[in-house]
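One structure is given here, and the rest of the page talks about it.
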Protein chains: 2
Amino acid sequence: MAFPNPYLRYSVVEAALAAEIGDGRWAPGTRLPGENALIGRFRVSRSTVRRAVQNLAARGLVEIHPGKGTFVIR
Amino acid sequence: MAFPNPYLRYSVVEAALAAEIGDGRWAPGTRLPGENALIGRFRVSRSTVRRAVQNLAARGLVEIHPGKGTFVIR
DNA sequence: GTGCATTTGTTCGTATGTATA
DNA sequence: TTATACATACGAACAAATGCA
C-alpha cells in the first residue's frame with residue numbers, strides 16, 4: 001500500500017504527535033510527555049507508543065535519550 | 001507426517017538454530033539472539049521465529065526465560 | 001556513596017485479524 | 001477447512017541510564 005493505514009494505532013499516535021510538533025506546541029529542545037503519559041493520553045499500549053515515538057525519531061522530529069526522555073528537535 | 005517439511009519456514013529456522021547449537025556456536029548457558037534479531041536474520045515474522053524457538057525448547061535444546069531471553073541448555 | 005524514582009530499552013507471552021495455499 | 005505466515009496490539013517482566021535527595 002502506498003499510504004499508511006490511518007487506523008493503525010501507532011500511526012494515529014505518530015500523526016497526532018507530529019502535528020503537535022509541527023504546530024509548535026512543543027518548542028525545540030523541550031521534552032515530550034513520557035511513555036506512561038502517552039499511554040494514558042492515547043489509551044494504547046506501551047509498545048504502540050514506543051513504535052510511534054521511534055517513527056518520529058526516524059523522521060528526525062525527536063531525539064530519544066534513554067533515562068532522560070524524548071526531546072523535540074524542530 | 002514423520003519428517004518435517006524442510007520448506008516450512010519455522011522448520012528452516014529451527015533446523016538452522018539446532019545445527020548451530022550442535023556445532024557449539026553457542027556454549028551451554030549462553031543466550032540465543034532475541035526474537036527481533038532472529039526476525040531480521042531469517043527474514044521471517046515473529047510468530048515463525050517463536051514457533052521455531054518453542055520447538056527447540058520442546059526438544060530440550062534451549063530454555064526460555066520471559067523478560068530475559070532464551071538460553072542454550074546443551 | 002547509596003538508594004530511590006523516573007524513563008527508555010529489551011525480551012518473551014498472548015490474542016486477533018488478514019492473506020495464502 | 002486447515003495450516004502456514006505475516007502484521008498489529010496488548011501485557012508483563014527484566015534491564016540499563018539518568019538524576020536527585
Side-chain angles (χ1 to χ4, degrees), chain A residues 1-18 20-21 25-74, chain B residues 1-18 20-21 25-74:
Chain A
M1 69 176 70
F3 302 98
N5 183 342
Y7 297 110
L8 295 176
R9 306 234 216 205
Y10 65 81
S11 292
V12 172
V13 175
E14 178 188 345
L17 295 175
E20 291 172 2
I21 292 172
R25 177 173 306 194
W26 293 296
T30 60
R31 214 201 82 199
L32 279 188
E35 290 177 351
N36 285 339
L38 296 177
I39 287 166
R41 173 182 168 193
F42 291 101
R43 298 301 209 138
V44 295
S45 69
R46 189 178 170 212
S47 42
T48 297
V49 163
R50 284 184 56 74
R51 184 158 185 177
V53 173
Q54 298 208 36
N55 283 351
L56 293 176
R59 290 165 60 181
L61 294 178
V62 300
E63 269 180 356
I64 303 172
H65 296 275
K68 299 178 69 174
T70 299
F71 298 83
V72 176
I73 294 182
R74 52 180 167 87
Chain B
M1 65 178 74
F3 300 98
N5 183 341
Y7 296 110
L8 295 177
R9 305 232 215 205
Y10 65 80
S11 293
V12 172
V13 175
E14 178 188 345
L17 294 175
E20 291 172 3
I21 292 172
R25 178 174 305 196
W26 293 296
T30 60
R31 216 200 81 207
L32 279 188
E35 290 178 348
N36 285 338
L38 297 177
I39 287 167
R41 172 180 168 193
F42 291 101
R43 300 301 214 135
V44 295
S45 71
R46 191 177 170 215
S47 41
T48 297
V49 162
R50 282 185 55 74
R51 183 156 187 179
V53 173
Q54 298 207 38
N55 283 350
L56 294 177
R59 290 164 60 181
L61 293 178
V62 300
E63 269 180 356
I64 304 172
H65 295 275
K68 300 182 74 173
T70 298
F71 298 82
V72 175
I73 294 182
R74 50 182 169 87

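Order of the sequence lines fixes the chain letters, A, B, ..., with proteins taken first and strands second; residue numbering starts at 1 for each chain.
No contact: Val53(B) has no heavy atom under 4.0 Å from any strand. Residue Arg51(A) is classed as a sugar-phosphate contact, given heavy-atom separations below 4.0 Å to backbone atoms only. Nucleic acid contact class of Ser47(B) (heavy atoms, under 4.0 Å, all strands): base.
An OP1 or OP2 oxygen of dG9(C) is reached within less than 4.0 angstrom by no side-chain nitrogen or oxygen of Arg46(A). Residue Arg50(A) places none of its side-chain N or O atoms closer than 4.0 Å to OP1 or OP2 of dA9(D). The side chain of Lys68(B) contributes no N or O atom lying less than 4.0 Å from OP1 or OP2 of dT10(C).
One can place CD of Glu14(B) at 12 Å from P of dA5(D), the figure rounded to the nearest angstrom. Rounded to whole angstrom, the span from the CZ atom of Arg43(A) across to the P atom of dG11(D) amounts to 10 Å. Atom CG of Asn55(A) and atom C1' of dT8(D) are 13 Å apart (whole Å). If you take CG of Asn36(A) and P of dG11(D), they are 12 Å apart, rounded to a whole angstrom. If you take CD of Glu63(A) and P of dG9(C), they are 12 Å apart, rounded to a whole angstrom. Per the geometry, NE2 belonging to His65(B) stands 12 Å off P belonging to dA15(D), to the nearest Å. Distance Arg9(B) CZ to dA21(C) P: 11 Å, rounded to the nearest Å. As a whole-Å value, the separation of Ile39(A) CD1 from dC10(D) P is 10 Å.
Nucleotides of DNA chain D nearest to Thr48(A) and Gly67(B) differ in position, and the one nearer the 5' end is that of Thr48(A).
Listed nucleotides dG19(D), dA5(D), dT8(C) differ in distance to Glu35(A); the shortest reach to its side chain belongs to dT8(C). Taking only side-chain atoms of Leu8(A), from C-beta outward, the nucleotide of dT11(C), dT7(C), dA9(D) with the closest atom is dA9(D). With distances taken from any side-chain atom of Thr70(A) to the nucleotides dA9(D), dT8(C), dG19(D), the minimum falls on dT8(C). In this structure, the nucleotide among dG13(C), dC10(D), dG9(C) sitting nearest to the side chain of Val44(A) is dC10(D). Of the candidates dT4(D), dC10(D), dG9(C), the closest approach to any side-chain atom of Tyr10(B) belongs to dT4(D).
One finds the CG atom of Leu56(A) at 5.5 Å from the CD1 atom of Ile21(A) (value rounded to the nearest 0.5 Å).
Geometrically, Arg51(B) engages Tyr10(B) in a cation-pi contact defined by less than 6.0 Å to the ring centre and at most 45° from the axis.
Ionic pairing of Arg41(A) and Glu20(A) is present here: one or more N-O contacts between side-chain nitrogen and carboxylate oxygen are shorter than 4.0 angstrom.
Among all heavy-atom pairs drawn from Leu61(A) and Ala18(A), the shortest one is CD1-CB, 3.9 Å. When all heavy atoms of Val62(B) and Leu32(B) are compared, the pair lying nearest together is CG1-CD1, 3.8 Å.
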